[in-house]
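Right, I'll just put the structure down here and ask away after.
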Amino acid sequence: SQQGEEDPQALSIQEGENATMNCSYKTSINNLQWYRQNSGRGLVHLILIRSNEREKHSGRLRVTLDTSKKSSSLLITASRAADTASYFCATDAWNNDMRFGAGTRLTVKP
Amino acid sequence: EADIYQTPRYLVIGTGKKITLECSQTMGHDKMYWYQQDPGMELHLIHYSYGVNSTEKGDLSSESTVSRIRTEHFPLTLESARPSHTSQYLCASFSGRYSETQYFGPGTRLLVL
């Protein structure tokens, strides 16, 4: 069953702007991860945040986690055309079998 | 780049054919997964394995089967392909001991005519 659900489904911004994507999930988790997928390719891991963490940074990426609301957000700052891709959140519910949402399709216009 | 490979990358076949999608990884990961993904849609877990001789069905009802005779190899077989099987199939592996992230192969795009 699908666990994470991303919002919005699609996002179009100009280069240099920030992009924010949200993810909601249903059950308690061990950790939440964000992945990126370029068109027609496999997924690439971006960042992992554990259930006892509230915020994490990696380069231009900032992830927050609110376990009370069962939600997470991914912020990409100073976006570039090369950031154009689909972004998925995945939840790990303690058995290491992750469930992925439908993804947010981000388009960054030059 | 992760050391996980899928072949073929693209496959066009006729209805009723038996096909095997190959997935192999050289990272010694115990856990391997197959996902089915339609364009622009979510990933659906169809099969997974926790190690040699271990296979389980995932969330999505699938007419495919898998085997895990060797740690590095996790092939997916469709006994009789149908147009409804047209999709992208993604293989992933996961260490569980040293890392909590899944590594994905490039995927196989299957078109059944």
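Hydrogens, waters and symmetry mates are skipped; everything else that's a heavy atom, side chains included, is used. Below, read A as the first sequence line, B as the second, and so on, with proteins coming before strands; counting in each chain starts at 1.
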(message) More than 12 heavy atoms of other residues, nucleotides or ligands under 6.0 Å from CD of A:Gln9: yes or no?
(response)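 Counting neighbours around CD of A:Gln9, 12 or fewer heavy atoms of other residues, nucleotides or ligands fall under 6.0 Å, so no.
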Handout entry: Contacting moiety of B:Gln6, where chain A heavy atoms sit under 4.5 Å
Key =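 It is neither, since no heavy atom gets under 4.5 Å.
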Distance in Å, A:Phe100 CZ paired with B:Leu45 CG, rounded so as to fall on 0.5 Å steps:
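Rounded to the nearest 0.5 Å, the CZ-CG separation comes out at 9.0 Å.
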For the residue pair A:Gln37 and B:Leu90, what are the closest heavy atoms and their distance?
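Of all heavy-atom pairs spanning A:Gln37 and B:Leu90, the closest is NE2-CD1, 3.9 Å.
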Notebook entry, point to check: Looking at CZ of B:Arg109 and CZ of A:Arg41, how far apart are the two atoms once the value is rounded to the nearest 0.5 Å?
Noted result: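 Here the rounded value is 10.5 Å.
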* Closest contact, heavy atoms only, B:Phe104 versus A:Leu43 ->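 Scanning both residues, the minimum pair turns out to be CB-O, 3.3 Å.
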Query raised in the report: Could you state the interatomic distance from CG (A:Leu46) to OG1 (B:Thr101), rounded to the nearest 0.5 Å?
Result: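 Going from the CG atom of A:Leu46 to the OG1 atom of B:Thr101 covers 11.0 Å.
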Handout entry: hydrophobic_cluster_shared for A:Leu61 and A:Leu65, side chain cutoff 4.5 Å
Key =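 Yes, because A:Leu65 and A:Leu61 connect within a single hydrophobic cluster, where side-chain heavy atoms sit under 4.5 Å apart.
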What do you reckon, is CD1 of B:Ile69 surrounded by more than 12 foreign heavy atoms closer than 6.0 Å?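 Counting other residues, nucleotides and ligands, CD1 of B:Ile69 stays at 12 neighbours or fewer.
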Exercise for the section: Taking atom CZ of A:Arg60 as the centre, report whether more than 12 heavy atoms of other residues, nucleotides or ligands fall under 6.0 Å from it. Expected result: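 Enclosed.
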**Item:** Whether over 12 other heavy atoms sit under 6.0 Å from A:Lys109 NZ
**Value:**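 12 or below, so no.
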Closest approach of B:Gln102 to A:Tyr35 (non-hydrogen atoms, all atoms of both residues)
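Taking every non-hydrogen atom into account, N-OH, 2.9 Å.
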Count I, L, V, M, F, W, Y as connected when their side-chain heavy atoms are under 4.5 Å apart, and connections chain through other members. Are A:Met21 and A:Leu48 then in the same cluster?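 Different clusters: A:Met21 never reaches A:Leu48 through Ile, Leu, Val, Met, Phe, Trp or Tyr contacts under 4.5 Å.
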